[in-house]
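Just so it is clear, the structure is predicted and the values come from calculations on it, not from any experiment.
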Amino acid sequence: MDFLLQSQNADGGWGYRIAGMSYVEPTAAVMRVLPSSSARNAARDFLLRAQHADGGWGIAVADSESGWMTAWAVRALAELPEAHDAARRGGVWLLATEGQRITDPDARRVIQKLHKIDSALGGWPWQPGDAGWVHPTALAVLALVAVGQGEQARVRAGIAYLEDRACSEGGWNIGNPWMLDKQIPATIQDTAVVLRALHAAGETRSAGRVAQAIEYLRNAVARAQTPAELAWGIYALRDWGMGTGDALARLEALQQSNGSWNDNPFITAIASQK
Amino acid sequence: MKRPEIENPKSKTENGLTRRAFLRLALLTGIAAGAGVIYKSTEAVGFERWFRWMARGQLARWFAPHARVALAACATYDADVLGAVRTAWTRAALPNLGGARVVLKPNLVDFVAGYPCFTHPRIVEAMIHLAREQGARDIVVAEGTTFRRDSQATLEATGYSALLAREHVAFVDLNYDDLGEIALTGGYTKLKTLFVAKTIRDADVVVSLPKMKTHHWTTVSASVKNFFGIVPGIKYGWPKNTLHVQGIPVFLAELVDSLPVRACAVVDGVVGLEGDGPIFGGAVPSGVLVAGADLLAVDATCARLMGFEPAQIDYLDFAAWAGLGVIDARQIDLEGDPLARFQRTYEPPPTM
């Protein structure tokens, strides 16, 4: 926690490194693990200042276009009663934002052949105008659940999208389970964020690809070497009541003497989640 | 004797026009129709832009100095890679790096066991040594990986973590770097600005160190495509699809035209990748390094080494037409070992 407090920028935000430019994602992630404090208030104010008139957030103050980091800001501000209105407006932006869906039957067939995905399903994009992708979709589901919108049809559609994008061997990657006839492997971070979203949305272990993904994640975390992979994996498995073996000890062993993981406030915040 | 008939320029057609007036009218109609076709076909980008690109391309074809591209033999990664990189660098007359802030940009698209889809760390290691020999002020290795948010996992798996630790060189993850917004001056896409990593913007020289390989979207992936890695994932997502949907040839032209820094390339063709690139292709021992400062000329040479015709590759054809570099073999001065020594027939990528 000391590292996080010391690495806060003067504008109240955090970057992905010490003294790095403040971004919405690390600021929201750190804010969620900080106890009530002036540092947390400064982070809250940073996020409130960075909110756009359309209710969304860009990646940083300098980014005038709302995008995927809106989900992080919504989750963080939803936990503060005084920021509920900002979080609610962010939720409205998320509900109005959808990845491009391809419904033309011929184009849909081509994409089905190339990637073995249903391009008519709508997830959330990294940026408006883009297709849906796994990571921003999972984050949007988490955010909408956090602002009490978990029963919205868009959330259910997002879950259907995530089910469709699952890798056949278990877990998720960025959102392309196949490239022609080759399987693209799942990643720990994408799988973990999806499992956290499905858990938050009330999915059960018997639903769709959950059990297979948990199995993938257990095996992958057992071999994981990096703080980000270990941190994401551990907390997703915990959500689902799974043991994590020696993963927590391995994560702690990677903590640096300044209390950080990789001198990175974002990864440190993920690793500090309770 | 009958007088030969002399055409009276003032003789009238059946409609009452003189023949000369008729010919003038026909000529003007033809010009107008041609202009209309050009205007219509260039409506998407605007006639003024199209004309500017076309004129620049034509001028380059006639007046631009030849590009210089060097080939250097390097049979394996256990050979004298530094010697080969040094030879290629010198033959290509690439800039002396003394006092420069140098960014080395390998291609670390992903790690999938068994597929040589990334730049071998020995190439980067040799380039670090060369930059040090020349007295570079600062050297960093930088990449913004395409398929994983956690680049550390990729660095570990590809052997880069060990290399960076051994050489005491910093790695900058361009997906998470501080950003600056640059104006896109080419007008090739609908984007007016682009966020790029500060590490790139502040460098004196960026050395593209790609793997020579096939790619299912661009046929060939070398020094230009490698620069997709300089755009930040936090803005454009993973796999930076927002930029792909702008149209790959035009976006690559935009990158080449708007790069905010001096760039050159040393391509890892020691073992290339054929077929299902950029990841799942097969290894092809080509035993060559390709170096140059004209990125299009470098990529065109790579294409020829792989058995492809550069003019058939959309991004090369478009960028050369627009005058951003040369791909015509007659305009490329090849230095060093002959092309034929390293030419192989790479299996083309699958058609998408």
If one checks every heavy atom of B:Leu179 against chain A at 4.5 Å, the contacting part turns out to be both

Contact origin within B:Gln152 toward chain A - heavy atom pairs under 4.5 Å: both

Portion of B:Phe195 that has a non-hydrogen atom of chain A nearer than 4.5 angstrom: side chain

Give, as side chain, backbone, both or neither, the part of A:Asn173 having an atom under 4.5 angstrom from any heavy atom of chain B. neither

Engaged part of B:Phe111 at the chain A interface, taking heavy atoms whose separation is under 4.5 Å: neither

Working for side-chain contact (heavy atoms from CB on, under 4.5 Å), residues A:Asp181 and B:Asp276: CA-CA 10 Å; A:Asp181 60 341; B:Asp276 195 0; 4.1 Å; yes

When you look at B:Asp178 and A:Arg17, which way does the salt bridge (Lys or Arg N to Asp or Glu O under 4.0 Å) test go after all the steps? CA-CA 9 Å; B:Asp178 292 358; A:Arg17 61 181 174 83; 2.8 Å; yes

What heavy-atom pair brings A:Tyr23 and B:Tyr176 nearest, and what distance separates the two atoms? CE1-O, 4.2 Å

Whether over 12 other heavy atoms sit under 6.0 Å from A:Lys116 NZ: yes

Intermediate values then yes/no, side-chain contact (heavy atoms from CB on, under 4.5 Å), B:Asn241 and A:Trp133: CA-CA 10 Å; B:Asn241 190 59; A:Trp133 294 95; 3.5 Å; yes

Flag the pair A:Glu25 and B:Arg149 as a salt bridge only when some basic side-chain nitrogen lies within less than 4.0 angstrom of an acidic carboxylate oxygen. yes

Given 3.5 Å as the limit, does a donor-acceptor pair link the side chain of A:Trp126 with the main chain of B:Trp238, or not? yes

Report the C-alpha distance between A:Trp68 and B:Lys235 in whole Å, list the side-chain angles of each, state the deciding distance to 0.1 Å, and finish with yes or no for side-chain contact (heavy atoms from CB on, under 4.5 Å). CA-CA 9 Å; A:Trp68 66 282; B:Lys235 175 60 184 170; over 6 Å; no

Dump the intermediate steps for side-chain contact (heavy atoms from CB on, under 4.5 Å) on A:Tyr16 and B:Asp173, then the final yes or no. CA-CA 10 Å; A:Tyr16 293 99; B:Asp173 189 334; over 6 Å; no

